[in-house]
There are 2 protein chains.
Amino acid sequence: YGSRAIGQSLRYLGLRSLLLQAILAKVPGFINSMKRHILIYGLLGGILITLLKLMEYRFLVIERSVEIYGGLVAALFAALGIWLGLRLTNPKQKVIVREIPVAVGDLFVLNEAKLNELGITRRELEILEWIAKGLSNREIAEKLFVSENTVKTHSSRVFEKLSAKRRTQAVQIGKELGLLP
Amino acid sequence: YGSRAIGQSLRYLGLRSLLLQAILAKVPGFINSMKRHILIYGLLGGILITLLKLMEYRFLVIERSVEIYGGLVAALFAALGIWLGLRLTNPKQKVIVREIPVAVGDLFVLNEAKLNELGITRRELEILEWIAKGLSNREIAEKLFVSENTVKTHSSRVFEKLSAKRRTQAVQIGKELGLLP
DNA sequence: TGAAAAATCACCCGAAAGTATGACGACAAC
DNA sequence: GTTGTCGTCATACTTTCGGGTGATTTTTCA
């Protein structure tokens, strides 16, 4: 009658599993991870119960078997609980966005409007740039392959257009007006 | 002889506690929360065991007591495990540092280290600042109520210390070194 | 209190910077 | 083809700058 009992048990299990499936199908929008966790939990619980049942028959005769049984259950479920707890809290990573003001490297854009407004030519601006870098008229002349007098005329014109009396003042005004970086 | 035994026991406990204290003192930097958790866990475990012992004597006579016992243990330790797991899991808050380029108004801080390194005095720096603003030596002298010669000596010194040949170059170098805004 | 550092001023001289004026060629626009 | 702008260069002149030297006073600091 052993095989009959097994057959009945299987049928019983089959019915149960069908019912379970039907119930689960009725709740489709359930949180997936939660569902999975519960399923795994239930599965492990079932396995554990089975193991315990087996152990029960083995160890029930042994003295203090209840303590061993309880200890095993406690240890297993504690481990399971810890695992579950860790799993459940895993996606709880809080995102803190801390905005740090970064001194952006001053991206210089030439103020061409001001350039045209003052009627400063490209060449004159070029000379002004070299002046701002600290070059003397002679050095600028050598760098641009022109005479020192040419540099002087250009610089004089640029000073006049910037209303500057000195090259240092011209540089200062040029920076203020966005003509120099 | 009862009092003697008690005395010995107390002395023994005293020795033990002293040893324990010494050992604990040697390990001062142990993680506190971990310790607390373990202590709570152990305490609850002890209480639970006591409760179970009591229950054991009450329910052992009842049929299926082992199942009830195991279920209780399982439930309690599962709950405990979940709680522990939640506690143990670090508040996983991820800090995302997002650097946002903010056009921060150039907050100028004087590079005093460079100033001392080059041996530039306050007065010399002051003259350099006025030079950077485009003033002539005469104008600076008038502004500072000193003679033009004084301004010239100061500026000459500053040029020498900055390895500059011209005032424009001195201004440029001064800005590079963080001595001028 | 006494030496070192800093600030002040003066004089000279040469170099650099800046002004004024004129001129010439290239090139684009009208 | 005339006009205007731009870049180039020159001469002459004035102003400013920068180097060098020396000196005096004030401040600072040990």
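Proteins come first, then strands; the chains are lettered A, B, ... in the order of their sequence lines, and each starts at number 1.
In the set C:dC9, D:dA10, C:dG18, the nucleotide with an atom closest to the side chain of A:R167 is C:dG18. Listed nucleotides: C:dA7, C:dT19, C:dA10. Nearest to the side chain of A:K152: C:dT19. Listed nucleotides D:dG7, C:dC9, C:dA16 differ in distance to A:R123; the shortest reach to its side chain belongs to D:dG7. Closest to the side chain of A:T153, from the set C:dC11, C:dA7, D:dT8, is D:dT8. For A:V146, taking side-chain heavy atoms from C-beta onward, the closest of the listed nucleotides D:dC9, C:dC9, C:dG18 is D:dC9. Nearest nucleotide to the side chain of B:R122, out of D:dT11, C:dA7, D:dG18: C:dA7. Distance from the side chain of B:S156 is smallest for D:dG18 among the nucleotides D:dG18, D:dT8, C:dA7. Of the candidate nucleotides C:dG18, D:dG7, C:dA7, C:dA7 has the atom nearest to the side chain of B:H154.
If B:F145 and A:N149 are placed on DNA chain C by their nearest nucleotide, the residue sitting closer to the 5' end is B:F145.
Contact annotation for A:N137: backbone-only contact, meaning every heavy-atom pair under 4.0 Å involves sugar-phosphate atoms and none involves a base. Residue contacts for B:S136: at a heavy-atom cut-off of 4.0 Å it reaches the sugar-phosphate backbone alone, with no base atom in range. Heavy atoms of A:T150 sit under 4.0 angstrom from at least one base atom. Nucleic acid contact class of A:S155 (heavy atoms, under 4.0 Å, all strands): none.
Salt-bridge formation is detected for the pair B:E126/B:R123: a Lys NZ or Arg NE/NH1/NH2 atom is positioned less than 4.0 Å from an Asp or Glu carboxylate oxygen.
A:V151 is not listed as a side-chain neighbour of A:I131, based on a closest heavy-atom distance of 4.5 Å or more.
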